[in-house]
Amino acid sequence: MYLLPKPQKYTLFDGVYIIGYNRSIVIDALCSTEAFAYVEELNKDLQQYAGYTLAVTKGKSRKAAITLAQDNQLHREAYTLEAGEEGIVITGGSMAGLFYGVQTLRQIIQQEGACIPYMHIEDFPSILARGLYYDVTRGRVPTLAYLKKLVDKMAFYKLNQLQLYIEHSFLFEDFSEVWRDDTPLTATDILELDAYCRNKNIDLVPSIASFGHLYKVLRTKSFCHLCELPNTQEEPFGFIDRMEHHTLDVSNPESLQFVTKLIDEYLPLFTSEYFNICADETFDLGKGRSKTLAEQKGVEQMYLDFVKQLCQYLVDKGKKPMFWGDIICGFPQAAKELPKETICLNWGYAWNQTDASVRKLAEAGAVQYCCPAVCGWDQFVNRIGDSYENIRRMCTYALQYDAAGVLITDWGDCGHINHPDFGIVGMIYGAAFSWNHTDIYKGKLAADRADHTHSQFEEMNRQISRLAFHDKSESLVSAIAEIAEHGVFQWRDAVCFMERGEITIAEEDIAQAQQEINALEKIKVRLYHTVPQIGVENRMLIEPYIMAVDGIILMQKIGIALWMQKHHNTSGQDINYDELAAQLEEWMYIYKKEWRKVSRESELYRIQNVVFWYADYLRKCG
């Protein structure tokens, strides 16, 4: 039996308590009405995995099989779980702690049905703030129904914070030129999602770009005058360009007014005490319209002044500001000049990430979150091996330097082509590592990329296969972790060639690309063979992975074709360009169907434009 996150103290005893069909779930009289929603979750799982539901009452009952109670002497998010011959008792330090105890029992029921081993659990989180940061701007805006399912998964693994990254994908008033060709989230969506999150003990934190990364906003006629670099709106759209430019001109007083107006409209939709202004990657600052100001006071001071104004604006409204720490890590002592309520979101995404930036900010006295990544940007399937080691390291540093929280990021650079479910494995890594450090961090951190195959990684993947996918073979995550290990020519390479004519394929890569195709075909076979081992309710999660493998295979074929064209097919290999173009178009048809199951249209058309550009290019080659 697996439990994720692993409880802090967990003892199994001889014996099994059977939850009889004629027994009851009893809510202690001291529990609030929220407990009834927890009971509904338990009964839903009992129906599916035991075949029946239990009666529910409040107070006391001689038929009690499961009792939910509250003890204010425990830490707010702590709980105990006792299973013995008299039944099962879950006691929480608050309704949040009780909620987490219920999630643990749900995991047990999903594996053991009504036959619960005798056990004693004492559990509590090592890190208080444990969140997920999801990009809903750079291509994919999930449906509200999908976001609710994401919240359910977060709650199941005891995460308690969600942030959605917004640049232009919210229906701001007086913003129609920005979102007119998109399918943005609305105020109604946010209000409904905020209420849904509260019921799952999750804090929905508002997050909007307020300084850098305002690509689509600053390319409009209405707002281009606020862009640091003039005339950039005249350039054609580019996935790569979107990541590199479009910073606000802070020498223009209207820039501050623009951001505070967005904050004033967005902030009331949330019950959270936090607000993330982002303010990351302000690459162009001081290089254009604000150059004169930068020469007078320096780029660092200019950055700090603007961030400080925004943070103070939020503090004055009773909120705790957050911002990304990549810029201020270059001059960490400046963090002391920000309002004391400010939280620095310190990100680092390398598999071998060091503790340097975390240590610098800790020494400067900054309050920080450590922010690792699920490593899914720019490609079809997440780099699971990299995400495991990155998340493990950043959670280690969070504990080592007493960070206030951990925020696992899921970014969508280059169109967010990977299915949103592909980040779930990394999300569970983050949930497990941030909740319990006593066992997970034994031994040294990986010294080499090859160390990702060590037994700890494999064991975690077996557990996730069973819990997240109900995979009896416990092999699914191991299989999907291999996908991103293969491929010479990637989606990012395809975008770079289309937008900038840059190609990274060399002659020695041609044979390697064919080997990668062969390896990927074998992984597809493994996935198909795994399907019968997966719970019926989760089998639909496999199709996106198989489709993604086909996408990576097509990328390899495109890379080979591009090299052949460049070198006039000196390799002697034959390639049917028209057939490859048709394969791309057929694949795109299925991809669009899969996209629309979980996401709004958003920027699906941009991904289609890339695929069809290559189909047209290949036909010209033929």
Side-chain angles (χ1 to χ4, degrees), residues 129 131-138 161-168 205-215 217 228 242-248 250 259 262-263 266 272 274-285 299-300 302-315 319-339 341-350 353 356-362 364 366-375 377 390-391 394 397-398 401 403-413 430:
L132 175 69
Y133 192 89
Y134 193 81
D135 186 345
V136 297
T137 280
R138 291 171 178 161
Q161 188 180 113
L162 172 64
Q163 299 190 31
L164 302 177
Y165 175 56
I166 299 287
E167 289 177 17
H168 56 265
V205 176
S207 174
I208 58 172
S210 65
F211 201 167
H213 286 305
L214 285 166
Y215 181 80
V217 177
E228 173 69 21
R242 174 154 73 178
M243 302 305 302
E244 295 179 349
H245 297 295
H246 299 83
T247 298
L248 274 178
V250 297
V259 176
L262 296 184
I263 291 173
Y266 202 48
S272 177
Y274 302 101
F275 196 108
N276 182 4
I277 61 170
C278 295
D280 57 316
E281 296 188 332
T282 51
F283 301 124
D284 299 327
L285 188 62
V299 172
E300 291 181 355
M302 192 162 59
Y303 173 87
L304 185 65
D305 288 348
F306 192 71
V307 170
K308 185 176 180 179
Q309 288 180 86
L310 291 178
C311 288
Q312 190 59 55
Y313 186 80
L314 287 163
V315 169
K319 300 298 180 180
K320 296 178 181 178
M322 296 175 161
F323 74 107
W324 294 111
D326 53 297
I327 303 298
I328 209 164
C329 276
F331 49 109
Q333 292 301 319
K336 295 177 181 178
E337 299 184 37
L338 299 174
E341 297 87 351
T342 306
I343 297 173
C344 181
L345 303 175
N346 186 7
W347 60 268
Y349 304 148
Q353 188 72 31
S357 63
V358 184
R359 175 171 39 81
K360 286 180 182 178
L361 285 171
V367 178
Q368 63 179 314
Y369 281 15
C370 289
C371 306
V374 299
C375 300
W377 59 88
N390 172 252
I391 294 168
M394 290 295 275
Y397 305 150
Y401 294 100
V406 166
L407 190 63
I408 308 129
T409 63
D410 191 338
W411 295 104
D413 306 22

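Nearest heavy-atom pair, Ala398 versus Gly405, reported as atom, atom and distance to 0.1 Å: CB-O, 4.5 Å. Shown here for Leu345 and Met322, the closest heavy-atom pair between the two residues is CD1-CB, 4.0 Å. Residues Cys329 and Ser357 approach most closely at SG-CB, 3.8 Å, considering heavy atoms. Closest heavy-atom contact between Cys344 and Ile328: SG-CG2, 4.1 Å. When all heavy atoms of Gly430 and Ile408 are compared, the closest pair comes out as CA-CD1, 3.6 Å. Of all the heavy atoms in Glu281 and Thr247, the pair that sits closest is O-OG1, 4.3 Å.
A salt bridge links Glu167 to Arg138: one of the charged nitrogens lies within less than 4.0 Å of a carboxylate oxygen.
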task = I would like to know whether Ile208 and Tyr266 meet side chain to side chain contact (heavy atoms under 4.5 Å, CB included); could you show each step before the answer?
result = CA-CA 9 Å; Ile208 58 172; Tyr266 202 48; 3.5 Å; yes
request  = Could you go through the side chain to side chain contact (heavy atoms under 4.5 Å, CB included) check for Leu407 and Leu132 one step at a time?
outcome  = CA-CA 5 Å; Leu407 190 63; Leu132 175 69; 5.7 Å; no
message = side-chain hydrogen bond (donor to acceptor under 3.5 Å, both in side chains), that's the test. Do Tyr369 and Gln161 meet it? Break it down for me.
response = CA-CA 12 Å; Tyr369 281 15; Gln161 188 180 113; 3.3 Å; yes
request  = Dump the intermediate steps for side chain to side chain contact (heavy atoms under 4.5 Å, CB included) on Val250 and Asp305, then the final yes or no.
outcome  = CA-CA 9 Å; Val250 297; Asp305 288 348; over 6 Å; no
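Side-chain atoms of Ser207 and Tyr133 include a donor-acceptor pair closer than 3.5 Å. A donor and an acceptor atom, one from each side chain of Gln368 and Tyr397, are nowhere located under 3.5 Å apart.
In this structure, the side chains of Met394 and Val406 stay at 4.5 Å or more apart for every pair of heavy atoms. Trp324 has its side chain within reach of Cys371: a pair of non-hydrogen atoms, C-beta onward, lies under 4.5 Å apart. Proximity of Ser272 to Val205: side-chain heavy atoms (C-beta onward) are separated by under 4.5 Å at one or more points. You'll find the side chain of Lys320 stays beyond 4.5 Å of the side chain of Thr342, heavy atoms only. Proximity of Tyr401 to Leu361: side-chain heavy atoms (C-beta onward) are nowhere separated by under 4.5 Å. Within the 4.5 Å cutoff, the side chain of Tyr274 has heavy atoms near those of the Ile343 side chain. The closest side-chain heavy-atom distance from Phe275 to Pro321 is not below 4.5 Å. A heavy-atom distance below 4.5 Å is found between the side chains of Leu248 and Phe306.
Between the CG atom of Asn276 and the OG atom of Ser210 there is a distance of 8.0 Å, given to the nearest 0.5 Å. Of the inter-residue distances, the one linking Lys360 atom NZ with Phe331 atom CZ reads 12.0 Å to the nearest 0.5 angstrom. Rounding to the nearest 0.5 Å places CG of Asp410 at 8.0 Å from CG of Asp135. From Leu314, atom CG reaches atom CD of Gln312 across 9.5 Å, with rounding to the nearest 0.5 Å. In this structure, the separation between CD1 on Ile327 and OG1 on Thr282 is 4.0 Å, given to the nearest 0.5 Å. Atom NE2 of His213 is separated from atom CD1 of Ile166 by 15.0 Å, given to the nearest 0.5 angstrom.
Taking the six-membered ring for Trp and the full ring otherwise, the centers of Trp411 and Tyr165 sit less than 6.0 Å from each other. When ring centroids are compared, Trp377 and Tyr349 come within the 6.0 Å threshold. Aromatic rings of Tyr303 and Phe211 (six-membered ring for Trp) have centroids within the 6.0 Å cut-off, being under it.
Few gaps surround NZ on Lys319; more than 12 heavy atoms of other groups in view lie less than 6.0 Å from it.
Of the possible polar contacts, none joining the Asn390 side chain to the Val374 backbone as a donor-acceptor pair under 3.5 Å is found. In this structure a side-chain-to-backbone donor-acceptor pair under 3.5 Å is present from Gln353 to Ala350.
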